[in-house]
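Please read the structure below before turning to the comments.
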Protein chains: 2
Amino acid sequence: MRPHKHPSADQLTLERIFHALSDPIRLEIVLHLARVETATCGELDGDRPKSSMSHHFRILRDAGLVHTRAEGTIHQNSLRLTDLNARFPGLMDAILAQAMNGGTSGAKPKRKR
Amino acid sequence: MRPHKHPSADQLTLERIFHALSDPIRLEIVLHLARVETATCGELDGDRPKSSMSHHFRILRDAGLVHTRAEGTIHQNSLRLTDLNARFPGLMDAILAQAMNGGTSGAKPKRKR
DNA sequence: ACTGTTATTCGATAATAATCGAACTACCAA
DNA sequence: TTGGTAGTTCGATTATTATCGAATAACAGT
């Protein structure tokens, strides 16, 4: 696959990150990855066309949020938390905490505990 | 003026907030407001057309990031930090801290006037 | 009422982004 | 080699956003 290009940590910008997270599908992907650590593209499509998902993954990669490595025919995705925390300490913690607590539009009003 | 409509705190969504912040102009506005607490629209245009700025302010208002109140002919804008912190505790702190620390693409350091 | 200031709204155009089928690549196994 | 699987890329279409001049509205002063 000629390994995907990922921006280096110091190339990340908040604008790109915010743009990547402004789409419900992508926010869902990020949220899922925050829970399971690593997942293939196929595990994350919600019955959506592969080409659409590939598009969203590319934006997440370009924003530096997600790292994709090919293992055979499947691609393992994971959040680049180490790089993100190095570049923007505390940011992802805050974002993920709020996203998991029902801050997203698309979905489940999650009850507190 | 028919006072601007502002979403209530519990209507805010992360998607809208991220979308609002994904534009360099709007991020700059938010950053500026974080420093000065309150400012008129005119103080925040960078020699850009008024209509463009009004557009951006509307998106910031719709996202719940900015509150605008009319005082005579001028409009005072301020960040809705109280509401934002109530809805998404820690989020704006993290975002503003990183944005002020050079996370923006424009990388234009402070320009004062 | 008239004038200047501040900002919003309208309307048209341009730029950017999302969607998705189809073709394609890479890989693995039989 | 054939076939199946996992993703990407291409290309066309649609949808959403941005930009900005012009018109409009609200207001303060004179």
Side-chain angles (χ1 to χ4, degrees), chain A residues 1-6 13 15-30 32-33 36 38-63 65-78 104-106, chain B residues 1-7 13 15-30 32-33 36 38-63 65-78 104-106 113:
Chain A
M1 177 67 283
R2 263 115 56 230
H4 288 286
K5 53 173 178 290
H6 296 87
T13 67
E15 284 96 330
R16 261 204 284 274
I17 289 174
F18 290 145
H19 170 250
L21 295 176
S22 69
D23 182 283
I25 296 178
R26 294 193 292 261
L27 192 50
E28 188 186 327
I29 291 173
V30 167
H32 190 110
L33 285 177
V36 303
T38 182
T40 66
C41 300
E43 292 173 303
L44 294 165
D45 67 1
D47 291 329
R48 301 165 199 279
K50 298 171 142 210
S51 51
S52 296
M53 295 311 282
S54 194
H55 164 73
H56 288 303
F57 275 108
R58 199 170 79 80
I59 288 177
L60 288 169
R61 272 193 302 268
D62 288 351
L65 284 164
V66 166
H67 180 84
T68 305
R69 67 184 170 291
E71 290 181 359
T73 94
I74 67 177
H75 292 191
Q76 290 291 352
N77 299 283
S78 54
T104 70
S105 74
Chain B
M1 176 71 284
R2 271 114 64 224
H4 287 286
K5 73 166 160 76
H6 296 86
T13 68
E15 284 96 330
R16 257 205 273 274
I17 288 174
F18 290 145
H19 170 250
L21 295 175
S22 69
D23 182 284
I25 296 177
R26 294 192 292 261
L27 193 52
E28 189 185 330
I29 291 173
V30 167
H32 190 112
L33 285 177
V36 305
T38 182
T40 65
C41 300
E43 293 173 304
L44 294 165
D45 65 1
D47 293 328
R48 301 166 199 279
K50 301 272 186 193
S51 51
S52 296
M53 295 311 284
S54 195
H55 164 72
H56 288 303
F57 275 108
R58 197 169 83 79
I59 288 176
L60 288 170
R61 272 194 302 268
D62 288 352
L65 284 165
V66 166
H67 180 86
T68 305
R69 66 185 171 290
E71 289 180 359
T73 93
I74 67 178
H75 293 192
Q76 290 291 353
N77 299 283
S78 55
T104 70
S105 74
R113 50 185 330 226

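In what follows, chains carry the letters A, B, and so on, assigned in the order in which the sequence lines appear, proteins first and then strands, with residues in each chain numbered from 1.
- Thr38(B) pairs by the side-chain hydrogen bond (donor to acceptor under 3.5 Å, both in side chains) definition with Gln76(B), not counting sequence neighbours.
- Annotation: the span from Cys41(A) atom SG to Met53(A) atom CE amounts to 8.0 Å, rounded to 0.5 Å.
- Between the NE2 atom of His4(A) and the P atom of dA6(D) there is a distance of 15 Å, rounded to whole Å.
- A close approach under 4.0 Å does not occur between any side-chain nitrogen or oxygen of Arg69(A) and OP1 or OP2 of dA6(D).
- For the pair Arg58(A) CZ and dT9(D) C1', the computed distance is 10 Å after rounding to whole Å.
- Every side chain to side chain contact (heavy atoms under 4.5 Å, CB included) that Glu43(A) has, sequence neighbours left out, goes to Ala39(A), Thr40(A).
- Closest approach to the Thr73(B) side chain among dG21(D), dC27(D), dT8(C) is made by dC27(D) (side chain taken as heavy atoms from C-beta onward).
- A 4.5 Å side-chain heavy-atom check between Glu28(B) and Thr104(B) finds every atom pair outside the cut-off.
- When the C1' atom of dC28(C) is taken as reference, atom NE2 of His75(A) falls 13 Å away, rounded to whole Å.
- With sequence neighbours excluded, no residue forms a side-chain hydrogen bond (donor to acceptor under 3.5 Å, both in side chains) with Thr13(B).
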Would you list the atom pairs, donor with acceptor, under 3.5 Å between side chains in residues 16-26 of chain A and any protein atom, with sequence neighbours excluded?
| residue | atom | partner | partner atom | Å |
| --- | --- | --- | --- | --- |
| Ser22(A) | OG | His19(A) | O | 2.7 |
| Asp23(A) | OD1 | Ile25(A) | N | 2.8 |
| Asp23(A) | OD1 | Arg26(A) | N | 3.3 |
| Arg26(A) | NE | Ala20(A) | O | 2.7 |
| Arg26(A) | NH1 | His56(A) | ND1 | 3.0 |
| Arg26(A) | NH2 | His19(A) | O | 3.2 |

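- Scanning for salt bridge (Lys or Arg N to Asp or Glu O under 4.0 Å) contacts around Arg48(A) gives an empty result, with sequence neighbours left out.
- Thr68(A) comes within contact range of no nucleotide atom at all, as no heavy-atom separation falls under 4.0 Å.
- When the side-chain nitrogen and oxygen atoms of Arg48(B) are compared with OP1 and OP2 of dG21(D), none of them lie within a distance under 4.0 Å.
- Following rounding to the nearest Å, His67(B) (NE2) and dA7(C) (P) show an atom-to-atom distance of 15 Å.
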Revision key, fill the gap. In B/S/- notation (B base, S sugar-phosphate only, - none; protein heavy atoms under 4.0 Å), nucleotides 10-18 of chain C written 5' to 3' is -------SS

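- Counting to the nearest Å, the C1' atom of dG7(D) and the CG atom of Leu60(A) are 15 Å from each other.
- By the ring pair (Phe, Tyr, Trp, His ring centres under 6.0 Å) test, His67(B) is found to be paired with His6(B), residues two or more places apart in sequence or in another chain being considered.
- Rounded to whole Å, the distance from CZ on Phe57(B) to P on dT17(D) is 19 Å.
- For Cys41(A), the side-chain atoms get nearest to dT8(D) when compared with the rest of dT8(D), dT8(C), dT6(C).
- In terms of the side-chain hydrogen bond (donor to acceptor under 3.5 Å, both in side chains) criterion, Asp45(A) has no residue partners (sequence neighbours excluded).
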Could you go over nucleotides 1-3 of chain D and give all protein N or O partners under 3.5 Å, atom names and distances?
none

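- Residues Ser52(A) and Gly72(A) each lie close to DNA chain C; by heavy-atom proximity, the contact nearer the 5' end of the strand is made by Ser52(A).
- When the P atom of dT17(D) is taken as reference, atom CD of Glu15(B) falls 12 Å away, rounded to whole Å.
- The CG-P distance, from Asn77(A) to dG7(D), rounds to 8 Å in whole Å.
- Taking CZ of Arg58(B) as the reference point, atom NE2 of His55(B) lies at 8.0 Å (rounded to 0.5 Å).
- Contact annotation: Ser54(A) side-chain N/O to dT8(D) OP1/OP2 distance is under 4.0 Å.
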